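Being a predicted model, the structure only gives us computed values, none of them experimental. By convention in this document, chain letters (A, B, ...) are assigned in the order of the sequence lines, proteins followed by strands, and residues within each chain are numbered from 1.
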Amino acid sequence: MALDKSPDMEGMTPAERAALYKQRAAALGIGKAPNTSGATAAPAKPAAPSPVAAPALPSTAVAERPGPAVPAKVAAAAAARREQVAAVAAREAAPSHKEQSERLVYVWPHLVTIEFMSAMLLLFSLVLVSVVLQAPLIGHANLDKTPNPSKAPWYFLNLQELLLHMHPALAGVIVPSVVLFGLIPAIPYIDRNTADVGKWFGTPKAVRISVFTFIYSTFVLIAEILFDELIGVKPLLKSIADATGQPWLVDPNPLGIGLLSMTNVIVPLTLMIAPIFLLLWLLKLIYKPDTIRDYMFALFTGFVAAFIVLTISGTFFRGQGMRLMWPWDPRQERVE
Amino acid sequence: MMNELRPFLEDLSRGNFRRALTENRVFKAWFRTGYPSTPRNQALIMFNNVFLHLHPVRIRRESLKITYTFCLGGLSFFLFLILTVSGVLLMFYYRPATTVAYQDMKDLQTIVNFGLMLRNLHRYSAHGMVIVVFLHMLRVFYTGSYKPPREFNWGVGAILLFLTFFLSFTGYLLPWDQLAVWAVTVGTNMAGATPFIGEQTRFLLLGGYEIGDNTLIRWYVLHVIALPLVISIFMAVHFWRIRKDGGISGPL
Ligand code: HEM
């Protein structure tokens, strides 16, 4: 190709070479407006005598790019890029055929066997559990008899636990929607550094940060659940409102808008979000995270911890009246 | 006709049974590839089999490591298959009407051969799928496998997670016992708290103002047809994207 690196370019700086490429491109007519005389794509004549002894290939070179002109700048950039690629290729010899086939394995039998074995193992364990353990089927549905406690399936008990502490729209709709349709899908657009792809906990501090976050989140959540049970946001705000004469503090509908309520929305939301910022600050202090990825480990681990702690709390520590109690408390039993 | 059969009969009479069985048009039509013990046949079987062709012919050696994926994505899919098969069998015995649904469940547990096991298997697989899909998401996150070029597939995954929850929850109502209706009451009351369109959302989910026959038929249709169809489509996209993104992630 006419715009490839030529021997006389040895020893030039990249900028000089780029200028040369541009000159040559111009000399070859690349970047000229298409011929307006209406003739079909006849090879354009060099517009100006080439100042440098360009390889004598103008007609084929132009034939490579028929039709509308490629701007000279683009052609020059492409040539510079080709040169880079060639340099890299020369430095790292392509893996030999043998090396490549050592890195690749046939899916049949290698992967297919693993898939089959894991599937059979799972199927047999499920059959085994199905034989020994009976799934519950209690009395016929009766809409007049409310069981106490009434619980959703376990994977929603995290939300039902949240529901005990805040406005139902916040706990049951806004928080899960924001997490599932907002925060989780957003992760890959925030953390784009691919350096640690393909490795479990791929940054040097990932494990420490994740463990710290898990323990921290577990403590904060348990503390908040206990706080709401023993002291309670509502009673606390009520006494503050009484003491200061500010009834709006406990108004469930300030300005007629439920989502502005201090007790149901603002304070619980703060209690959810503030610990996240505290966490990020603590991490910065203790672990000095290196990258966005380190913070992402923390945020996601916090989510996982919240999911687990709230699910366990809602499943095992809530009995009649959804009061907090030990799993072995007799009031855990469902009554109707 | 006889001419065509002659080689077959000759093989048989000579006791060459293996050749008699495999060297004929019927066998070759149904088993298009020879046993995959040579590289050529190992490649051909991946091309020629609609189920296997979800996979590439060859993959990177690191992708095989069990401690990398723990097979969680594959097992999510396998659980979906178990649920489909056991679910279809359950459909033979279950009628989605409030007058009979509960009795059908009872019959399934007491009269139908293996009915109890079938129901247990379906139920535990459903719980299992929620857990396994969630764990799969954790594996993808902690190995950084959502990063470019896999952002889109991570998003598809989030939709799959939502659909898995929703599928499981719609099935929860069908036994029509106290556990079922009150769990769904709790759930739909939560959905009823949606700002601005809460009432409408609840009405849509219940097919009325109160849980009843309309609710049951809605959830049944969602559970046995609509959602499985939708999740299958998203799974197809998910698997296709894995191939297009260059197979599963691995160290650079
Ligand atoms: C019904 C649910 C799902 C099924 C059947 C499924 C299936 C699979 C399978 C078979 C793989 C191949 C690798 C492996 O086995 O780990 C995979 C990879 C992947 N999945 Fe899923 N998945 C599901 C849900 C999810 C969820 C909830 C997410 C995340 C939010 C997700 C994100 C991904 C991503 C990003 C990959 C590529 C990983 C890599 O390249 O290493 N999937 N999925």
Turns out that what part of Leu111(A) lies under 4.5 Å from chain B's heavy atoms comes down to both
So CZ of Arg61(B) and CZ of Arg103(A): to nearest 0.5 Å the spacing works out to 10.5 Å
Honestly, the part of Leu170(A) sitting under 4.5 Å from a heavy atom of chain B is neither
Practice item. Quick one: do Glu115(A) and His55(B) satisfy side chain to side chain donor-acceptor pair (under 3.5 Å)? Show the steps, please. Key: CA-CA 12 Å; Glu115(A) 287 177 344; His55(B) 294 96; 2.7 Å; yes
Whatever's closer than 4.5 Å to a heavy atom in chain B on Val304(A) counts as side chain
Any donor-acceptor pair under 3.5 Å from Asn120(B) side chain to Val129(A) backbone:
no
With heavy-atom distances below 4.5 Å as the criterion, would you say the side chains of Gln42(B) and Pro109(A) are in contact? yes
So, for Phe134(B) and Phe307(A), is the gap between ring centers shorter than 6.0 Å?
yes
Distance alone, cut at 3.5 Å: any donor-acceptor contact between the side chains of Thr301(A) and Tyr142(B)?
yes
Taking every heavy atom of Arg123(B) against every heavy atom of Ala135(A), the minimum-distance pair comes out as CD-CB, 3.4 Å
Flag side-chain contact, heavy atom, 4.5 Å: Met117(B) against Val127(A): yes
Arg293(A) vs Lys147(B) side-chain heavy atoms within contact, under 4.5 Å: yes
Fill in: Expected output: side-chain Trp200(A) to main-chain Tyr68(B) donor-acceptor under 3.5 Å
yes
Rounded to the nearest 0.5 angstrom, the CD1-CD1 distance for Ile66(B) and Ile114(A) is 4.5 Å
Is Gln178(B) reaching over with its side chain to a backbone N or O of Ala141(A), donor-acceptor style, under 3.5 angstrom? no
Exam field: side chain Tyr146(B) to backbone Asp191(A), donor-acceptor pair closer than 3.5 Å: no
Report yes if some heavy atom in the side chain of Leu126(A) is under 4.5 Å from a heavy atom in the side chain of Leu79(B); otherwise report no.
yes
Rounded to the nearest 0.5 angstrom, the CD-CH2 distance for Glu336(A) and Trp182(B) is 9.0 Å
Using the benzene-type ring in the case of Trp, are the ring centres of Phe162(B) and Phe181(A) under 6.0 Å apart?
yes
Beyond-backbone contact of Ile131(B) with Trp154(A), side-chain heavy atoms, under 4.5 angstrom
yes
All heavy atoms of Ile184(A) vs all of Trp154(B), minimum pair found to be O-NE1, 2.6 Å
The interface call for Tyr172(B) against chain A, heavy-atom contacts under 4.5 Å, is side chain
Whatever's closer than 4.5 Å to a heavy atom in chain B on Ser177(A) counts as neither
So, the part of Pro176(A) with a heavy atom under 4.5 Å from chain B: the answer is neither
Turns out that what part of Leu159(A) lies under 4.5 Å from chain B's heavy atoms comes down to both
Exceeds 12 heavy-atom contacts within 6.0 angstrom, atom CE of Met120(A)
yes
Separation between CG (Asp177(B)) and CD1 (Ile138(A)), nearest 0.5 Å, reads 5.0 Å
